Amino acid sequence: MSAATAFSAADHAHMARALQLAARGLFTTSPNPRVGCVIVKDGQVIGEGWHQRAGTPHAEIHALGQAGDAARGATVYVTLEPCSHHGRTPPCAEALVNAGVARVVAAMRDPNPLVAGGGIDMLTLAGIHAEVGLMEAEAHALNPGFISRMTRQRPWVRLKTAATLDGKTALANGASQWITGEAARADVQQLRARACAILTGSGTVLADNPRMTVRELDIGRQPLRVIVDSGLRTPAAAAILPALVACHHAPPTARAALEQTGADVIELPGIDGRVDLAALLTLLAQRGVNELHVEAGAALNGALLAAGLVDEWVAYVAPMAVGDDARGLFAMPALTTLADAARFRLADVRQIGGDLRLMLLPA
């Protein structure tokens with residue numbers, strides 16, 4: 001693995017372009033990673049590609065297709081180590097060997113145990129100069145969910161909230177439309193679109209009857225909808241159905257009514273009559289969920305936070321105050337010391353329309 005200082009300015013420029021290409025698959029590659037590829041020969045770009053959708057050719061194959069015979073002796077920049085196993089598509093490392101490329105620069109190793117260095121080894125054994133580590137942090141940031149699923153066997157959990165300056169999500173009577181403005185709500189659609197699944201609680205379903213779909217963006221798919229519903233209270237007429245419904249116990253009548261809508265009812269008993277959230281995340285990972293987008297009420301938000309299952313918090317803050325009686329963000333046990341508070345660090349702050357968007361990571 002080469003040190004970052006060994007890479008040239010041209011290397012950085014071509015990898016930056018590969019990362020731009022990879023980002024084009026932000027909404028569509030699930031459950032596969034977002035990957036971009038650039039092929040360069042004699043200082044000229046001769047091929048580009050990105051992974052567009054699971055089951056279709058990978059980024060390297062698209063780029064090789066553009067480059068044709070000129071790929072022989074070229075340098076390949078790819079944002080993820082070329083795959084070395086047969087999945088729904090043949091191994092990209094083998095295609096690069098057959099194309100006769102001279103050098104391959106990968107931003108990061110593939111965390112998939114089926115690859116895990118195997119692609120680099122295949123290239124090296126074939127006499128191709130292979131290097132890893134150029135703009136690795138940027139490549140990681142593009143695929144947090146895929147990396148999480150491969151290394152932790154659970155999705156990357158992104159919690160979205162919309163609240164007033166005094167931390168309230170709705171009035172005491174439940175009125176919440178709209179705390180944030182149109183621009184912020186449109187921005188949320190981008191977050192939904194990049195997710196493999198959207199999670200909410202039965203309380204939100206009963207109070208708001210949301211659809212939890214991606215709107216205004218044509219991404220060719222809809223994320224899986226997931227409901228945490230310990231007592232199976234979700235009505236069969238709920239707009240969010242069909243969905244995966246995780247419960248503590250499934251009364252036969254309620255279960256049958258939901259399954260008739262196409263819902264997938266899963267029992268995941270935890271303590272105190274609640275759903276085992278960690279087990280739910282494991283199940284979702286097994287079903288190929290990389291990024292899990294959460295839009296829920298205070299109960300589920302608090303339970304996820306208390307269990308240490310929030311990887312990223314996207315907080316939209318509206319410049320208004322509604323008072324103490326309004327509903328809060330997190331239902332959690334009272335703290336006796338600030339040392340026990342859940343702490344975050346700011347990763348990004350920007351204005352979206354008339355509101356603020358804070359992107360926070362656990363401190």
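Treat the numbers as computed from the prediction; the structure is a model and nothing was measured.
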(request) Only one of V245, I240, L284, L283 passes side-chain contact (heavy atoms from CB on, under 4.5 Å) with V226; say which it is. (result) L284
(message) Can you tell whether the side chains of E136 and R109 come within less than 4.0 Å, N to carboxylate O?
(response) no
(message) Please give me the minimum heavy-atom distance between S148 and W156, naming the atom from each residue.
(response) OG-N, 3.7 Å
(message) Quick check on the hydrophobic clustering: are L258 and V228 connected, directly or via other members, by side-chain heavy-atom contacts under 4.5 Å?
(response) no
(message) Looking at D187 and R350, is any side-chain nitrogen of the basic one under 4.0 Å from a carboxylate oxygen of the acidic one?
(response) no
(message) What's the separation between atom CG in L80 and atom CZ in R34, rounded to the nearest 0.5 Å?
(response) 12.5 Å
(message) Which residue in the set T234, I266, I227, L232 passes side-chain contact (heavy atoms from CB on, under 4.5 Å) when paired with C247?
(response) L232
(request) Go through the side-chain N and O atoms of D11 and S8 and say whether any donor and acceptor fall under 3.5 Å apart. (result) yes
(message) Angle between ring planes, W313 versus F330, binned at 30° and 60°: parallel, tilted or perpendicular?
(response) perpendicular
(request) Answer with yes or no whether the hydrophobic clustering places V157 together with L277; edges join I, L, V, M, F, W, Y residues whose side-chain heavy atoms lie under 4.5 Å apart. (result) yes
(message) For A278 versus L309, what's the shortest heavy-atom pair and its separation?
(response) N-CD1, 4.0 Å
(message) When you group the ILVMFWY residues by side-chain heavy-atom contacts below 4.5 Å and let the links chain together, are L159 and I198 in the same group?
(response) no
(request) Please answer: with hydrophobic residues joined when any side-chain heavy atoms are less than 4.5 Å apart, are L21 and L134 in the same cluster? (result) yes
(request) Output yes when R194 and E312 qualify as a salt bridge under the 4.0 Å nitrogen-oxygen rule, no when they do not. (result) no
(message) Please give me the minimum heavy-atom distance between P362 and F344, naming the atom from each residue.
(response) N-CD2, 3.6 Å
(request) Look at K168 together with D325 and state whether they make a salt bridge at an N to O cut-off of under 4.0 Å. (result) no
(request) Using a strict cut-off of less than 4.0 Å between a Lys/Arg side-chain nitrogen and an Asp/Glu carboxylate oxygen, indicate whether E267 and R255 qualify as a salt bridge. (result) yes
(request) Can you see which heavy atom on D355 is nearest to which on G181, and at what distance? (result) OD2-N, 2.7 Å
(message) Quick check for you: to the nearest 0.5 Å, what is the distance between E94 atom CD and S84 atom OG?
(response) 10.0 Å
(request) Measure the shortest side-chain to side-chain distance between V101 and E60 over non-hydrogen atoms and say whether it is less than 4.5 angstrom. (result) no
(message) Quick check against the 3.5 Å criterion: does T28 have a side-chain atom that pairs as donor or acceptor with the backbone of R53?
(response) no
